[in-house]
Amino acid sequence: MKKIMSLFLVLLLFSSAILCVPVNAAAENDGTFYYELSLDKSYYIIVDAIPGIKGTVKIPKEFGGLPVKEIGYRAFWDCTKITSVKIYSNIKKIGEYAFGACSKLSKISISDYVEYIHSTAFNNTAYYKDKANWVSDVLYVSKHFLKADTCISGNYQIKEDTKSIAEGAFRGCKSLKAVVLPNSIKDIHAFTFYGCSKLSHIYIPEGVESIGEEAFVGCKLTGIHLPSTLKRIGSCAMSVVPAMYIPANTCEFGVQALSGKIYGEVGSAAQSFAEEDGLSFTPITEHTHSIETVKHSVASVNTCGITYDRCTVCGDIFSYKVTAQKKPSKVTMKKIENTQNGISLTWKAVSGADAYRVYRMASGEDEWTVIGVADNVFYYDVSVKNNVKYKYTVRAINEAGVGASNGERLTIKFVSMPKIKNVANTASGIKISWQKVGYADRYYIYRFSETVGKWEKIKRIDGNKTFSYVDKNVKSGTKYYYKIKAYNDSYLSGDVGGGAPGIVRLSNPKLSSVTSTKSGVKLTWKKVTGADAYIVYRKTGSGEWVKLKTIEGGSKVSYTDKTAKKGKTYTYTVVASKYDTYKSSYDKTGLKIKDKY
């Protein structure tokens, strides 16, 4: 038994030691990055980074006398202090989740020479989450197409000069019907269009050399054009395609790469593949095209119209033409103003725009910053500071690109809204008090009443030392609303949309008499217009007022205090009430009486 226990302890200690070894312990490092050799030992792959790495990361060009060519799976995962990264031309591949969860990573520079990026490489970074970086539901990093939102639909044209399309970039875009690929790409990576169930055709331009594994699985392709430059079709690249012409240069086929009828050159690899896989093969020289013209129209949210001739027999596409959607024209601004919590911009709608990119430049800055993308013709900027001047401009955007910027720049200084602290009835009127706004030159007070039916400016208070006002021009029984605007250097603050909570003006109830009777002390007072109840208070000597009774009904203007004791002196006062919500002020002196009975 002791031997068994000793063996158990040895194994336990051994396993603990293994668990304590870092994941990157076997990798070489330079004090900042951890590296592993490629399988052919011709280059290095970055697989990890030191804990606490922060700021701007510059990916090295070589290590140990060999080039660095890849950034591996989760290499910088959860490096939350990284803010920017520069990736040079030596890097050819950026792997899955390479920079995932780098929550502060907001600036990314990638060389045009990167050949492969996984669509998850920058998931949950500040760059990925910033809506301003998504143009019409797609995200680019430098000239690399990273990701399309699954809501994208209809016809989509990937812009020319795009250097790569990330693996899985369009995965799950179930409403995508047609795609126009640029001439600048060389590879369609694995899973690129996986699950795009409405994608009916694809014209792959000359220059493309490879189609990756499961690139078109789940698509309903009725027509596909493969270029003469195509060399490889990956494993299970497509679901059932009724028929397909495969050019002579295509020499590599994954297992179950295709299905349906194959058309090609006699003696080509396509013929051998078809025969080995039990597919029907027809020499292209023995085939006569049956042409139909297919048109995909331009929709308001899509990039382009597409027209092509398709052979109904072999599925090949000819005479492919794209009617590109034009870039939208410049935006005409309508209005800029301070609001309750920020600055509001509005502009005129631009024909052909799918969204609008909003730019801002604060005083003291010399560059425009993109602060957001709006789907409509308005935008609220809430990331502003009191007493700071801002300039704004807006550009319309669609899938075709970014339109001309607005020549006009709108300028405003943000002035914070005065917060109303209290609105209450007093003996002489309604008193409004508010919090001070820094740098304000004056305040304007506005009032809305149910009888007038509109907002009126009722008072201007100059300076920044007075923060209350009593509105004496009010009538008992009428409900009033108030709002206040601060003024600073010719700019007005915003205000509460509907004003502060309303208040019903209730005048002070005026006590007519207080008499001692055998039944108790009897109080009478004059009716207050608008009141639906009265509250009677009593105190002895210099003590606190104590609530005695709430008298329901606005017409009941008397009350007998049966709890009064003979020989004691009391002071009484009355408060008018409405809906048990609004209260009048009261006579703070009250009427004093000594009970005789």
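Only heavy atoms go into these numbers, but all of them, side chains included; no hydrogens, no water, no symmetry mates. Values in this document were obtained by computation on a predicted structure and should not be read as measured data.
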_Partner of Trp134 by ring pair (Phe, Tyr, Trp, His ring centres under 6.0 Å), out of Tyr127, Tyr140, Tyr128_ = Tyr128

Measuring from [X]:[atom1] to [Y]:[atom2], what's the distance to the nearest 0.5 Å?
X      : Y      : atom1 : atom2 : answer
Lys107 : Thr125 : NZ    : OG1   : 14.0 Å
Thr369 : Tyr390 : OG1   : OH    : 11.5 Å
Thr393 : Arg357 : OG1   : CZ    : 12.0 Å
Lys93  : Glu96  : NZ    : CD    : 10.0 Å
His189 : Ile117 : NE2   : CD1   : 8.5 Å
Ile484 : Ile420 : CD1   : CD1   : 4.5 Å

_Step-by-step side chain to side chain contact (heavy atoms under 4.5 Å, CB included) determination, Val57 to Phe33_ = CA-CA 10 Å; Val57 173; Phe33 308 104; 3.9 Å; yes

Donor-acceptor under 3.5 Å ([X] side chain, [Y] main chain):
X      : Y      : value
Tyr491 : Asn338 : no
Asn249 : Ser228 : yes
Ser119 : Glu167 : yes
Arg310 : Thr222 : yes
Ser197 : Gly218 : no
Tyr379 : Ile371 : yes
Asn90  : Pro60  : yes
Tyr439 : Val415 : no
Ser164 : Ala166 : no
Ser142 : Ile110 : yes

*Given side chain to side chain contact (heavy atoms under 4.5 Å, CB included), test Leu105 with Val85 step by step and report yes or no.*
CA-CA 8 Å; Leu105 178 56; Val85 62; 4.0 Å; yes

Non-hydrogen atoms of [X] and [Y] that approach each other most closely:
X      : Y      : result
Lys177 : Asn155 : CB-OD1, 4.5 Å
Ser490 : Tyr487 : CA-OH, 3.2 Å
Asp112 : Lys143 : OD1-CD, 3.6 Å
Ser363 : Val388 : OG-CG1, 3.9 Å
Asp366 : Met361 : C-SD, 3.6 Å
Ser416 : Asn386 : N-OD1, 2.9 Å

*Quick one: is the NZ or CZ of Lys92 closer than 6.0 Å to the six-membered ring centre of Tyr116, and within 45° of its axis?*
no

_Within 45° cone of Tyr88 ring axis and under 6.0 Å: Lys61 NZ or CZ_ = yes

pair [X]-[Y]: side-chain heavy atoms closer than 4.5 Å:
X      : Y      : value
Glu209 : Leu230 : no
Thr250 : Leu226 : no
Ile224 : Tyr203 : no
Ile246 : Phe253 : yes
Val138 : Asp149 : no
Val294 : Thr307 : no
Trp434 : Tyr443 : yes
Val370 : Asn133 : no

Between [X] and [Y], what is the ring plane arrangement, given parallel below 30°, perpendicular above 60°, and tilted in between?
X      : Y      : answer
Phe63  : Tyr35  : parallel
Phe99  : Phe76  : parallel
Phe145 : Tyr156 : perpendicular
His201 : Tyr320 : tilted

Cut-off 3.5 Å, side chains only: do [X] and [Y] have a donor facing an acceptor?
X      : Y      : answer
Thr56  : Ser84  : yes
Tyr44  : Glu28  : yes
His118 : Thr120 : yes
Asn387 : Asn488 : yes

Hey, are [X] and [Y] close enough for a salt bridge, meaning a charged N less than 4.0 Å from a carboxylate O?
X      : Y      : result
Asp161 : Lys163 : yes
Arg360 : Asp381 : yes
Arg232 : Glu213 : yes

*Criterion side chain to side chain contact (heavy atoms under 4.5 Å, CB included) on Lys321 and Tyr308, from CA distance to verdict*: CA-CA 6 Å; Lys321 296 180 180 179; Tyr308 58 89; over 6 Å; no

*Output, in order, the C-alpha distance, side-chain angles, deciding distance and verdict of side chain to side chain contact (heavy atoms under 4.5 Å, CB included) for Ile82 and Thr80.*
CA-CA 6 Å; Ile82 292 176; Thr80 57; over 6 Å; no

*Apply side-chain hydrogen bond (donor to acceptor under 3.5 Å, both in side chains) to the pair Tyr97 and Asn124, showing each step before the final yes or no.*
CA-CA 9 Å; Tyr97 298 108; Asn124 293 319; over 6 Å; no

*Does a sphere of radius 6.0 Å around CZ in Phe318 hold more than 12 heavy atoms from other residues, nucleotides or ligands, not counting ones at 6.0 Å or beyond?*
yes

_Option passing side-chain contact (heavy atoms from CB on, under 4.5 Å) with Pro182 (candidates Lys159, Gln157, Glu160)_ = Glu160

